[in-house]
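Treat the numbers as computed from the prediction; the structure is a model and nothing was measured. Sequence lines set the chain letters: A, B, ... in the order given, protein chains first and strands last, and positions in each chain run from 1.
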Amino acid sequence: MLEVRFIRENADRVRKAIQDKGEAVDFDRYLELDGVRREVVGERDRLRHEHNTASETIARLKRDGQDAAGQIADMKALSSQIKELDQKIRTIDTELTELRAAIPNIPHPSVPVGDVTANEVVRDWGKPREFSFSPLPHWEIGKTLGLLDFEAASKIAGAHFVLYRGLGARLERALINFMLDVSTKEKGYTEVFPPFLTNREAMFATGQLPKLEEDMYRCEVDDLFLNPTGEVPITNLHREEVLREDQLPLKYAAYTACFRREAGSYGRDTRGLLRIHQFNKVELVKFVVSESSYEELETLLSDAEDVLQRLGLPYRVVCLATRELSFAAAKCYDLEVWAPGVAQWLEVSSASNFEDFQARRANVRVRRSGKTGTELVHTLNASALATPRTVVAIIEHYQQEDGSVVIPEALRPYMDGLERLR
RNA sequence: GGAGAGGUGGCCGAGUGGUUGAAGGCAGCCGCCUGCUAAGCGGUUGUGGGGCUUAAAACCUCACCGGGGGUUCGAAUCCCCCCCUCUCCGCCA
């Protein structure tokens with residue numbers, strides 16, 4: 001969410017951001033209402049001032065044991081006038097708040113303007129492997145080796161779910177543990193294990209609501225949402241808090257199961273693990289002081305890259321263009337790993353800087369040492385990878401002609417030293 | 001789910017209808033003092049909106065005592081609904 005005054009004073013920038021991101025907000029209506037509101041509030045506050053002054057007089061009269069019946073009668077009229085204006089303001093606020101909540105964050109100047117074709121490949125690492133045979137897609141390998149069981153999953157839950165079986169399940173668990181260990185033992189992230197259900201306030205704070213309500217699973221009786229990404233519970237960990245400067249940067253890592261309805265994406269990535277309703281992630285979140293957030297974005301990105309490098313998976317880093325940026329993000333890098341079986345670059349992580357957009361919604365502030373007052377923190381997050389697509393890449397990249405799959409060395413300690421799935 | 005207690009500023013904690021934005025303490029900041037440190041003394045320090053200002057500060061003003069409604073000329077204080085925390089009971093992994 002952007003600051004009301006900022007929007008008013010930078011209407012052009014905001015309008016451009018809305019256009020560049022392709023968001024649908026009636027911005028003219030917003031500006032109009034904002035003006036109306038200011039007028040009405042001004043009038044209301046004038047009346048209230050008058051009212052407050054009179055109240056003091058009444059209080060004084062009463063205290064002195066004098067009669068104040070006349071003043072009280074006058075106040076009745078004023079009081080009801082104020083209530084009318086209050087009601088008017090309430091109506092305006094409802095619409096205004098809704099409009100403001102739909103205004104996206106402003107892209108950083110370094111972000112290319114445009115749609116997916118404007119995405120910039122910043123760098124790549126490793127080379128897609130050359131095969132002397134025709135590489136198979138992961139669902140075939142997974143079935144042959146008994147790692148992935150989509151039939152069972154659909155029996156249990158439905159289409160677009162997976163059941164990992166045997167060493168497949170073990171590989172999944174190994175990946176999670178590996179990523180958590182790297183993040184917590186080597187990179188200084190604090191591990192947390194948050195609830196997988198979150199409430200509306202939390203979803204609003206990180207920007208999933210109101211826009212993405214249809215994309216999430218919702219438990220209607222309790223009005224709770226199944227976690228769509230670890231970013232939500234972790235970022236909300238400090239909601240409504242004032243942090244001390246010396247606590248920053250705060251770095252968290254968490255394993256979470258993630259749930260997405262993927263409404264509207266039927267027909268895309270329909271096979272295998274590419275797009276499923278429930279998946280696992282280890283998420284990294286940082287709370288930082290504003291002036292350091294772009295440096296922190298780079299180190300966050302390299303923390304995520306490091307995981308891929310250790311797994312030996314060729315990838316590229318893509319700076320997303322404005323249209324591809326999420327609602328709350330100011331800048332975002334996608335990490336795409338090459339999956340030879342499906343011959344696609346797969347997004348396994350994205351590192352984003354939200355600047356103070358989420359912090360304003362979540363009201364997470366910092367008190368600077370030696371200064372009065374508080375300011376908003378900046379929040380960032382990245383995945384230390386989403387497992388399904390990482391599993392896809394591992395299985396497809398490390399497949400052998402004999403049908404077996406070599407386990408990346410980094411994962412072997414987590415698989416009892418096993419070197420190969422066969 | 002039932003019964004009870006409670007939610008006040010960065011923190012602790014007073015306050016049951018009228019100068020209470022809120023006593024007191026802690027922490028912070030600015031001075032003073034003490035040969036250092038600790039202590040002591042005085043002052044000061046909330047957030048958000050609007051106005052004024054080229055801008056900021058200052059200043060004026062409105063709101064904010066878990067959230068939302070209501071009663072009243074006037075609510076942190078009274079009433080209603082909701083959320084959260086704690087204790088006991090019940091139920092259950």
Just the rounded figure in Å: distance from [atom2] of [N] to [atom1] of [X].
{"X": "A:Glu9", "N": "B:U53", "atom1": "CD", "atom2": "P", "value": "15 Å"}
{"X": "A:Lys76", "N": "B:G74", "atom1": "NZ", "atom2": "C1'", "value": "12 Å"}
{"X": "A:Arg90", "N": "B:A63", "atom1": "CZ", "atom2": "P", "value": "15 Å"}
{"X": "A:Asp93", "N": "B:G69", "atom1": "CG", "atom2": "P", "value": "11 Å"}
{"X": "A:Leu243", "N": "B:G10", "atom1": "CG", "atom2": "P", "value": "13 Å"}
{"X": "A:Arg38", "N": "B:C52", "atom1": "CZ", "atom2": "C1'", "value": "13 Å"}
{"X": "A:Asp34", "N": "B:G49", "atom1": "CG", "atom2": "P", "value": "12 Å"}
{"X": "A:Glu240", "N": "B:G66", "atom1": "CD", "atom2": "P", "value": "14 Å"}

From the set [options], return the single nucleotide nearest to any side-chain atom of [X].
{"X": "A:Ser79", "options": "B:C62, B:G18, B:C73", "answer": "B:C73"}
{"X": "A:Arg48", "options": "B:G10, B:C62, B:G18", "answer": "B:C62"}
{"X": "A:His49", "options": "B:G69, B:U71, B:U61", "answer": "B:U61"}
{"X": "A:Ile72", "options": "B:G51, B:G18, B:C73", "answer": "B:C73"}
{"X": "A:Asp45", "options": "B:C62, B:G18, B:G10", "answer": "B:C62"}

TODO: Return the 5'-most residue of the pair A:Arg46, A:Ala59 with respect to RNA chain B, ranking by each residue's nearest nucleotide.
DONE: A:Ala59
Task: Nearest-nucleotide comparison on RNA chain B, the residue closer to the 5′ end among A:Glu50 and A:Gln87 - done: A:Glu50
With both distances under 3.5 Å as the test, what is the Watson-Crick or G-U wobble partner of [N]?
{"N": "B:G17", "value": "none"}
{"N": "B:C64", "value": "B:G46"}
{"N": "B:G24", "value": "B:C12"}
{"N": "B:G31", "value": "B:C41"}
{"N": "B:C86", "value": "B:G4"}
{"N": "B:C59", "value": "B:G51"}
{"N": "B:C78", "value": "B:G70"}

Open item on the list: Restricting to non-hydrogen atoms, name the atom on A:Arg239 and the atom on A:Ala205 that form the minimum distance, rounded to 0.1 Å.
Closed with: CD-CB, 4.0 Å
Spacing of the [atom1] atoms in [M] and [N] (rounded, Å):
{"N": "B:G6", "M": "B:G13", "atom1": "C1'", "result": "14 Å"}
{"N": "B:G48", "M": "B:G9", "atom1": "C1'", "result": "14 Å"}
{"N": "B:U77", "M": "B:U16", "atom1": "P", "result": "12 Å"}
{"N": "B:C65", "M": "B:U47", "atom1": "C1'", "result": "13 Å"}
{"N": "B:U72", "M": "B:G66", "atom1": "C1'", "result": "24 Å"}
{"N": "B:C81", "M": "B:C89", "atom1": "C1'", "result": "26 Å"}
{"N": "B:U8", "M": "B:U85", "atom1": "C1'", "result": "15 Å"}
{"N": "B:C33", "M": "B:A39", "atom1": "C1'", "result": "11 Å"}

Any side-chain N or O of [X] under 4.0 Å from OP1/OP2 of [N]?
{"X": "A:Arg367", "N": "B:A27", "value": "no"}
{"X": "A:Asn52", "N": "B:A63", "value": "yes"}
{"X": "A:Arg365", "N": "B:U47", "value": "no"}

Task: Residue pair A:Asp215, A:Arg260: steps toward the salt bridge (Lys or Arg N to Asp or Glu O under 4.0 Å) verdict - done: CA-CA 6 Å; A:Asp215 294 325; A:Arg260 297 185 183 176; over 6 Å; no
- [ ] Answer with yes or no after comparing the ring centroid distance for A:Phe279 and A:His160 against a 6.0 Å cut-off, counting only values under it.
- [x] no
Open item on the list: With a 6.0 Å cut-off on the ring centroids, do A:Phe287 and A:His238 count as close?
Closed with: yes
- [ ] Decide whether a cation-pi geometry holds between A:Lys251 and A:Tyr189; the criteria are a distance under 6.0 Å from NZ or CZ to the six-membered ring centre and an angle within 45° of the ring axis.
- [x] yes
Open item on the list: Do A:Arg100 and A:Tyr30 form a cation-pi contact, if we require the NZ or CZ to be under 6.0 Å from the six-membered ring centre and within 45 degrees of the ring's axis?
Closed with: no
Open item on the list: For a 4.5 angstrom cut-off between non-hydrogen side-chain atoms, does A:Lys16 reach A:Val113?
Closed with: yes
TODO: Name the nucleic acid region contacted by A:Arg44, choosing base, sugar-phosphate or nothing; use a 4.0 angstrom heavy-atom cut-off, strictly under.
DONE: nothing
TODO: Run the salt-bridge test on A:Glu3 and A:Arg5 with the 4.0 Å N-O cut-off and return the result as yes or no.
DONE: no
